[in-house]
Amino acid sequence: MNLKRFLVCLLLLSSFALAQHPAQHKKTAKAAPVTRPKADPATAIHQSALIIDTHADTPQRFLDENFDLGQNTPVSEGHIDLEKIKQGNLGAEFFSIWVEPEFKGHYAQRAMDLIDSVYQQAARHPDKMTMAFTADDIVRAHDQHKFAALMGIEGGHAIENDMRLLRDFYRVGVRYMTLTWSNTNEWADSSGDIQDPNVKHHNGMTDFGKDVVREMNHLGMIVDISHVSDATFYQALLVSQAPVIASHSSSRELTNQPRNMTDDMLRAMTNNGGVVMVNFYSAFIDENYRKASSDPEKIKQRDAEVEAYKKAHPHPDGSPVTYEETAAIEKKWASQFPRPPLKSLIDHIDHIAKVAGIDHVGLGSDFDGVTSLPDGIDSVADLPKITQALYQRGYTREQILNILGGNFMRVMHEVEATAKRLQSESKESDTLSFESLELMVGNHVSAAQLIDRIRQHGVNFDLTQERRTRLKNEKVDDSVLDALVKAKRQ
Ligand SMILES: [Zn+2]
């Protein structure tokens, strides 16, 4: 080989190597700039959407299995992790703070432990995810290309019949609460045991239950009616001043499950302005699957197996064996029934969009909380298939964007606005009247305390000469009269 040929050869080899390099690089890291084939319309819609899912039970995995969202585990083990979230383009998830009734006596503690587990995940992955507490937070996270984590309590029993605990849960970031889980609690009936004569029911909600709804409105915590009995549902809608959600419920007309919503309930949701987030669970979206899996004999076998496991694997500290530990048994049991087609899930979205209206439907997967999902939906990574199916059914870009997240964002904004209004109204009613001031004076409240109260809440009366004289006769200190003059001036 002469020198010239050798050089040409070298040149060819090196250009070949250069050409090869980007291709190899592309395989290992997707971030390399490559010319993509033009995306089809459904993919483009999906990628441009702010997608919100309102129910996933992953916190139990965080807490009971030490699962880290950064681990990309097989779909047989879990439906959600950061890699799958990226593939599915999920923008925000409401992680469920589900308190198993077995934790009786420790409901609030169990809830707090689950809440902590969500914060721990956000702290571990600050570059990829962030905690979010408002609709604006969700948008901000999305703009920063971060996944937004929110929290909703599943099961009103978690507040242990204590309004102060409800407020505490709001303070630590909880933004919705299902009034019940499958168990009726001491103030609201559940659909899960409504036929059980051994359970004490309330004909819907007790007065305290209605106060819980009012307090949630006041705080800005979304009232979630998934799981509740029909009576509880209608009463909650009567009491609530803000739109409500069903964080993970489907249509009863299509799949006859008491936990699903009748068409009449769907229409009530339209009037309320709320949104029904469709549950993906096979037994809630497909009548064949529901019938097959509700065979009492088969359920008995499964429950016996779960009980046997719990007996054989007790915790040394006496704490309950959790759902996570027995989930494998339940998943194996569920796999005997063929998975329904994706069409069944899309039919539910379609039906709710038709009956409640296109502005009142969204996604509430129930990922990591269910043992069977429709064919093709193995995890959150498969969300694009839902967009694809909706597009094929003729939904427009705008309608799809609303289903994927827009409708829920509207409700969250409205719940926040209602809370603001209610808070400013109650501030108004807190302002001190002359009658209540006289009452406090009569009860020998100190001048310092009176001044504090006047400064904090203001007064709704003028200090006329007559009122001044009356207070003077009661030996009210001049400093209080000064505070009254100043308070009215403000
Ligand atoms: Zn649930």
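Indexing begins at 1, ligand by ligand and atom by atom, following the structure's order. As the structure is a prediction and not an experimental result, all values here were calculated from the model. Along the sequence shown, residues carry numbers from 1. Values below: every heavy atom of this structure, side chains too, minus hydrogens, waters and symmetry copies.
Not a single donor-acceptor pair under 3.5 Å links the side chain of Glu65 to the backbone N or O of Phe67. Remark: side-chain polar atoms of Tyr119 are paired, donor with acceptor, to backbone N or O of Val172 under 3.5 angstrom. Side-chain N or O atoms of Tyr176 include none that pairs as donor or acceptor with a backbone N or O of Phe94 at under 3.5 Å.
With the Zn ion (ligand 1) as the vertex, NE2 of His248 and NE2 of His227 span 100° to the nearest 10°.
Among the atoms of His55, no N, O or S atom is found under 2.8 Å from the Zn ion (ligand 1). The Zn ion (ligand 1) lies under 2.8 Å from an N, O or S atom belonging to Glu154.
Atom CE of Met112 is surrounded by 12 or fewer heavy atoms from other residues, nucleotides or ligands within 6.0 Å.
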